[in-house]
Amino acid sequence: MATHTTRMLIIGSGPAGLTAAIYGARAGMEPIVVQGLQPGGQLTITTDVENYPGFRDVIQGPWLMEEMQAQAEHVGTRMLWDTIVEVDLSGPMFRAIGDGGDVYEGETLVIATGAQAKWLHVPGEQELSGKGVSACATCDGFFYRGKKVVVIGGGNTAVEEALYLTNHSEDVTLIHRRDSLRSEKILQDRLMANPRISVLWNKRVERFVAHPEAGDLRALELIDTETGEKSEFETEGAFVAIGHAPSTELFKGKLEMDSSGYLIVEPGTPRTAIPGVFACGDVMDHTYRQAVTAAGVGCMAALDAERYLAEKAFAEKVTEAAE
């Protein structure tokens, strides 16, 4: 068991964590990134990426994260493989303990543990992910332009995704297992007024059906939640929109969270209520959830961490001079 000490400890290695590492390393903070269960974050399970600035052609999510990691290491970041099981935010050094017993200490802490899309966990869903099944219309809707698509869910996320998809498709169907939506009234009004959207009520998705030859999504197998009747609904794209779960279990009782478990930060900043502890990316952003916005807040976290350390050092010098 070893102890690793740094001026900036980063938990999480998606776009937010790695961008924080790049900026932190260039500022001489010699950051340590603890990579966690999914090194590279959600982009490592995303194939085609067409909306990350700077690339005119489609790029691959795993490749983008490999490049970000290589850049972070090139400027002086230490990447360590471990899963954090406990944190101590009482200070003055912030401590994280890995599942093997290693201890990581940072003068500042950047939390970039991300969030995971919630899935239905029905047959065919995992196998057809990226082949007609997605959990992000903003990320993947462009690939279904002119095609028949469905959105599964009944909350704000589902309605927003359905409305967004009308930018690309004239045939959008919202499938909900109940007979009324849980989303805000204003969103429901917009949904019902949109001629490109139709709603299938009281239907539960039982299975995603693959095309026997092409291997991509062909249809959904549905069950009527009232009658139990089975049916098949043909579609070329299905977007599971039943919400996201932020990876914040470690910080329960230690940092303020909203009702959905997202970390609460000072508006417009990555600063948490504990000075020196910052949160960035999907762990604190339930609105945008894009790689580029995560990277942007990761940059902000590193800049704020640098300022925090500089102000702390100045205050200590003033105190010493006064004694």
Side-chain angles (χ1 to χ4, degrees), residues 38 42 45-48 61 115-184 187-188 190-192 194-246 260-261 282 286 289:
Q38 192 179 58
Q42 291 185 82
I45 55 171
T46 304
T47 50
D48 294 346
Q116 304 294 323
K118 293 178 182 176
W119 293 96
L120 298 171
H121 301 293
V122 299
E125 183 178 52
Q126 189 175 345
E127 295 83 351
L128 291 170
S129 179
K131 299 176 183 177
V133 177
S134 169
C136 181
T138 318
C139 312
D140 301 329
F142 185 73
F143 300 113
Y144 297 89
R145 54 196 181 277
K147 296 183 177 180
K148 182 179 179 180
V149 297
V150 303
V151 176
I152 302 153
N156 283 351
T157 300
V159 175
E160 286 168 351
E161 300 249 296
L163 289 165
Y164 173 81
L165 285 166
T166 61
N167 294 318
H168 304 296
S169 170
E170 294 183 5
D171 190 347
V172 179
T173 301
L174 182 72
I175 298 175
H176 187 39
R177 60 184 177 174
R178 298 190 177 93
D179 60 2
S180 61
L181 299 172
R182 304 187 314 278
S183 63
E184 296 169 7
L187 287 174
Q188 292 188 41
R190 286 176 58 202
L191 180 92
M192 297 306 178
N194 196 307
R196 295 186 171 191
I197 302 174
S198 54
V199 181
L200 271 183
W201 302 106
N202 299 314
K203 296 289 189 290
R204 185 178 75 244
V205 177
E206 194 75 357
R207 188 164 70 96
F208 293 89
V209 183
H211 194 283
E213 291 156 14
D216 54 0
L217 179 70
R218 181 186 66 79
L220 305 181
E221 190 178 286
L222 305 176
I223 287 187
D224 191 294
T225 55
E226 290 191 329
T227 66
E229 182 186 350
K230 284 191 176 184
S231 61
E232 197 170 270
F233 190 88
E234 292 197 356
T235 186
E236 295 169 277
F239 294 85
V240 179
I242 56 174
H244 286 71
S260 299
D282 287 9
H286 52 75
R289 297 195 306 266

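- Looking only at distances, no side-chain donor or acceptor of Ser129 sits under 3.5 Å from a matching main-chain atom of Gln126.
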Result block: side-chain N/O donor-acceptor pairs under 3.5 angstrom for residues 141-153, not counting sequence neighbours:
from, atom 1, to, atom 2, distance (Å)
Tyr144, OH, Gly132, N, 3.4
Arg145, NH1, Phe142, O, 2.6
Lys148, NZ, Glu234, O, 3.2

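- Nearest heavy atom pair, residue Arg289 against residue Thr157, reads NH2-CG2, 4.0 Å.
- Annotation: side chain of Leu200 is in contact with side chain of Leu222 (closest heavy-atom distance under 4.5 Å).
- To the nearest 0.5 Å, atoms CZ (Arg190) and OG (Ser183) are separated by 10.5 Å.
- The two atoms that bring Gly215 and Ala210 nearest to each other are O-CB, 4.2 Å, heavy atoms only.
- Looking at every heavy atom in both residues, Lys118 comes nearest to Val240 through O-CG1, 3.7 Å.
- Partners of Asp179 under the salt bridge (Lys or Arg N to Asp or Glu O under 4.0 Å) rule, at least two apart in sequence or in another chain, do not exist in this structure.
- Side chain of Gln42 to main chain of Ala115: a donor-acceptor pair is present (N/O by atom type, distance under 3.5 Å, no hydrogens or angles).
- Using a distance-only test at 3.5 Å, with no hydrogens or angles considered, no donor-acceptor pair links the side chain of Asn194 to the main chain of Leu191.
- Glu125 places no side-chain N or O within donor-acceptor distance of the main-chain N or O of Phe208, the cut-off being under 3.5 Å.
- Atoms CZ and CG, from Arg196 and Asn167 in turn, are 8.0 Å apart once rounded to the nearest 0.5 Å.
- A 4.5 Å side-chain heavy-atom check between Lys203 and Asp224 finds at least one atom pair inside the cut-off.
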Working for side-chain contact (heavy atoms from CB on, under 4.5 Å), residues Leu181 and Trp201:
CA-CA 9 Å; Leu181 299 172; Trp201 302 106; 3.8 Å; yes

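- Rounded to the nearest 0.5 Å, atoms CD1 (Ile242) and CZ (Arg182) are 9.0 Å apart.
- By the side-chain hydrogen bond (donor to acceptor under 3.5 Å, both in side chains) test, Glu221 is found to be paired with Arg207, residues two or more places apart in sequence or in another chain being considered.
- The side-chain hydrogen bond (donor to acceptor under 3.5 Å, both in side chains) check on Thr138 picks up nothing, with sequence neighbours excluded.
- Shown here for Ala117 and Ala135, the closest heavy-atom pair between the two residues is CB-CB, 3.6 Å.
- Closest of all the heavy-atom pairs between Val122 and Val205 is CG1-O, 3.7 Å.
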Give every donor-acceptor pair under 3.5 Å between a side-chain atom in residues 170-177 and any protein atom, sequence neighbours left out.
from, atom 1, to, atom 2, distance (Å)
Thr173, OG1, Ser198, OG, 3.3
His176, NE2, Ser180, O, 3.0

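- Between Arg178 and Thr225 the shortest side-chain heavy-atom distance does not fall below 4.5 Å.
- Under a 3.5 Å cut-off, the side chain of Glu161 and the backbone N or O of Phe239 do not form any donor-acceptor pair.
- Residues Ser134 and Asp140 share a closest heavy-atom pair of OG-OD2, 2.7 Å.
- Checked against salt bridge (Lys or Arg N to Asp or Glu O under 4.0 Å), Glu206 has the following partners two or more places apart in sequence or in another chain: Arg204.
- Considering CG of Leu128 and CZ of Arg218, their distance stands at 11.0 Å, rounded to 0.5 Å.
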